Amino acid sequence: MAIAAPGIASDDQAACVLGVASSFGGKRWCARLADSRLGLALAQRLALPEIVGRVMAGRGITLESADHYLNPTLRALLPDPSHLKDMDRAASRLVDAVRAGETIGILGDYDVDGATSSALLSRFFTAVGARAVVYVPDRIKEGYGPSLGGVESFLGAGAKVMVTVDCGITAFDVLDAAAAAGLDVIVVDHHVAEPRLPQALAVVNPNRLDETSPHRHMAAVGLAFLLAIATSRALREAGWYGDGRREPNLLTWLDLVALGTICDVVPLTGVNRALVAQGLKILGRRGNQGLAALADVAGVKVPPGAYHAGFILGPRVNAGGRVGEADLGSRLLSTDDPAEAQRLARRLDELNRLRRQVEARSLDDAIAQVEAAPGHAVAFAAGEGWHPGVIGIIASRLVERFNRPACVVALDGEAGKGSGRSVPGVNLGAAVIAARQAGILTAGGGHPMAAGFTVPRASLARLREFLDERIGASIDDQGIVPTLYLDGALSLGAANLELATTLARLEPFGAGNAEPSFALAAVRIGKADVVGENHVRCFLGDAAGGRLKAIAFRAAGTPLGRALLDRAGATLHLAGRLRLERWQEREDVQFLITDAAPARL
């Protein structure tokens, strides 16, 4: 049986890039684009370097879609919210609540998508003159999704309406209880639905089985934004604005939409690309006090891009839900008080440092477990006392290291809370739902690339066997092998500031619009050393006199890191990404190494 990896490659695929069939990372290097004619046509039409046209063609961009890709606008790409089932029903009920002065309860998930969704709706309802209260379930005490504690909190606040964001699609028992208690429930979720929908006044989810929306990859915060648009439009039609009530400018909250969309790792294509591209512009204006304070404590000195949102700001917003108070992220993003924003940002930064320490302790044990049990389709690890707030991150690290889907379980008593991450081509969410339906799990769900679940301790071995069999069959059926897709090969001289600047026009990068990756052929590794937290820094040179600085993140102790450190002065083929570096008024370029292979000259 083949072992899963990022990418799908068939036996009849074109020859490996630079002849690399098995790298230090255990991957085959393949060209992302087999036919370069479209890339050449794009380059000529748009007056771009041929390699940039090739990058665009490799992402499915055509001559017809190139303009929207390079200039993603909401005017062209934002759908009418009413195309989603139950959207108008949800907006109508919220209009009634606003006009009647009813309290509206917002229950959001504890991750970044949930925090941004709940903060956006809280800001919207406050702006239109309504009273909204937010509840974020505690990851440890209440678990994922709507909780009875949230229902009771809303009832105590006098709420008549409860909106769940980024959760709720499979919360049948809790939402039954909410309806029985007299709450009108509106579910706004994007996770995989089952044939049965929860009891609710409205269920807005592009992944309902009866939904025809083409926008199935939107994050919950994008759907919350559409809900705000629909509700504001209905308020306008009802004559609500006027007499001192001003219609809010919803575009001012696109920074929240961008942050949640990036951090939930949904494809940055179509409407998501437009929301993120425009939202990053708003983020750079520092209008949100919480995000501005968080950027300051994190040391972000430049206008934030997708990288800053996904790897610097997002983990800090997430830290409260992982190892601290679940609602800290939502509170930070909702406040307009600079002093409160500074206090919350500092607290989240502290919790993020704690999260990293907790993660590091458990990751070593998880790696050892996987290495001790080779040959499985899924990298599976379980530990007593592991913090449930970091197991998703550990699963991601296992995917990076072992090139296959991973599931990590934090055991406590007779049960364990699990989190999984997948690779393209393997639908982990569907596998977890199937395990729950088979009676192996007491709870579980997710989407193709990520899932969460609760498993009885006695069912751990059965779960591992079930996932191995199901995912292993999927891997075999699709011919998935460890593959790294590259957009082309560059000389060191071509890997320059001009090319990096041109490639930046293709941002935002992320899921569905992968950051361009290139091979550097036969480069010499100059001085190499370990810096920061296990990063390997080195300097590159080639026979033509080219020079380039490079870094491999979290590589120390891995086959890649050992190759770079042990082969200083040797010649290697490298794979990685060009990254612009900005410092004060200066710009430079650096190569981010992701893989390497011996250069057989």
Side-chain angles (χ1 to χ4, degrees), residues 72-75 78 106 108 112-130 132 134 165 219-229 231-232 235 241 245-264 268 271-318 320 327-349 507-508 582:
T73 65
L74 293 176
R75 181 182 296 277
L78 190 70
I106 304 168
V112 182
D113 195 14
T116 52
S117 299
S118 57
L120 188 153
L121 289 183
S122 176
R123 284 181 172 276
F124 168 71
F125 289 128
T126 300
V128 300
V134 174
V165 283
V221 69
L223 298 171
F225 184 66
L226 292 184
L227 178 62
I229 293 173
T231 305
S232 188
L235 284 169
Y241 300 123
R245 289 191 291 265
R246 298 180 58 184
E247 183 171 355
N249 179 4
L250 304 183
L251 298 181
T252 60
W253 301 318
L254 280 176
D255 48 4
L256 298 175
V257 181
L259 180 64
T261 300
I262 291 168
C263 291
D264 218 52
L268 298 188
V271 61
N272 287 345
R273 181 169 173 80
L275 289 169
V276 170
Q278 302 306 318
L280 289 175
K281 296 176 184 177
I282 303 298
L283 183 60
R285 298 173 189 170
R286 295 171 58 90
N288 185 293
Q289 293 290 339
L291 284 173
L294 200 61
D296 289 341
V297 300
V300 178
K301 304 295 185 183
V302 297
Y307 169 79
H308 301 94
F311 294 96
I312 298 178
L313 301 179
R316 287 167 170 81
V317 172
N318 231 348
D327 65 347
L328 283 178
S330 179
R331 287 164 53 193
L332 173 80
L333 302 176
S334 301
T335 186
D336 289 320
D337 181 346
E340 176 76 354
Q342 286 290 335
R343 185 184 69 80
L344 291 172
R346 287 194 294 269
R347 176 59 178 154
L348 284 168
D349 191 55
E507 295 179 355
R582 296 182 175 91

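Nothing fancy with the numbering, it's 1 onward along the sequence. The structure presented is a predicted model; accordingly, all values stated were derived computationally and were not measured.
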May I ask you to test the [X]-[Y] pair for a side-chain heavy-atom distance under 4.5 Å?
{"X": "R123", "Y": "D336", "value": "yes"}
{"X": "F125", "Y": "I106", "value": "yes"}
{"X": "L78", "Y": "Q278", "value": "no"}
{"X": "L226", "Y": "I229", "value": "yes"}
{"X": "D264", "Y": "T116", "value": "no"}

To the closest 0.5 Å, what do you measure between [atom1] ([X]) and [atom2] ([Y])?
{"X": "R343", "Y": "L332", "atom1": "CZ", "atom2": "CG", "answer": "10.0 Å"}
{"X": "F225", "Y": "L121", "atom1": "CZ", "atom2": "CG", "answer": "11.5 Å"}
{"X": "D327", "Y": "L344", "atom1": "CG", "atom2": "CG", "answer": "9.0 Å"}
{"X": "R331", "Y": "L328", "atom1": "CZ", "atom2": "CG", "answer": "5.5 Å"}
{"X": "L291", "Y": "D296", "atom1": "CG", "atom2": "CG", "answer": "11.0 Å"}

*Does R273 have any salt bridge (Lys or Arg N to Asp or Glu O under 4.0 Å) partners at least two apart in sequence or in another chain, and if so, which?*
none

Using residues 297-310 as the side-chain source, report each donor-acceptor pair under 3.5 Å to any protein atom, sequence neighbours left out, with the distance given to one decimal.
residue	atom	partner	partner atom	Å
H308	ND1	G305	N	3.0

*asked:* Taking side chain to side chain contact (heavy atoms under 4.5 Å, CB included) as the definition, give me every residue that meets it alongside S334, ordered by chain and number, with sequence neighbours left out.
replied: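 Side chain to side chain contact (heavy atoms under 4.5 Å, CB included) check on S334 returns A119, S122, S330.
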
*asked:* Once side chain to side chain contact (heavy atoms under 4.5 Å, CB included) is applied, do any residues pair with A292, and if so which ones, sequence neighbours excluded?
replied: R286

Testing the basics here: between [X] and [Y], what is the closest heavy-atom pair and its distance to 0.1 Å?
{"X": "A258", "Y": "L280", "value": "CB-N, 4.0 Å"}
{"X": "A220", "Y": "D113", "value": "N-OD2, 3.0 Å"}
{"X": "L120", "Y": "A228", "value": "CD2-CB, 4.2 Å"}

*Within the side chain of N288, is there an N or O that forms a donor-acceptor pair under 3.5 Å with the backbone of L333?*
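Between the backbone of L333 and the side chain of N288 there is a qualifying donor-acceptor contact (under 3.5 Å).
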
*Using the side chain to side chain contact (heavy atoms under 4.5 Å, CB included) rule, take L313 and L283 through it: C-alpha gap first, then chi angles, then the decisive distance, then the call.*
CA-CA 11 Å; L313 301 179; L283 183 60; 4.3 Å; yes

Pairs of donor and acceptor atoms involving the side chains of residues 248-255, under 3.5 Å and at least two apart or interchain, shall be tabulated with distances.
residue	atom	partner	partner atom	Å
N249	OD1	L251	N	3.1
T252	OG1	N249	O	2.8

*Can you name the residues that form a ring-ring contact (aromatic ring centres under 6.0 Å, His included) with Y241, not counting sequence neighbours?*
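Partners of Y241 by the ring-ring contact (aromatic ring centres under 6.0 Å, His included) criterion come out as none, since no residue qualifies.
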
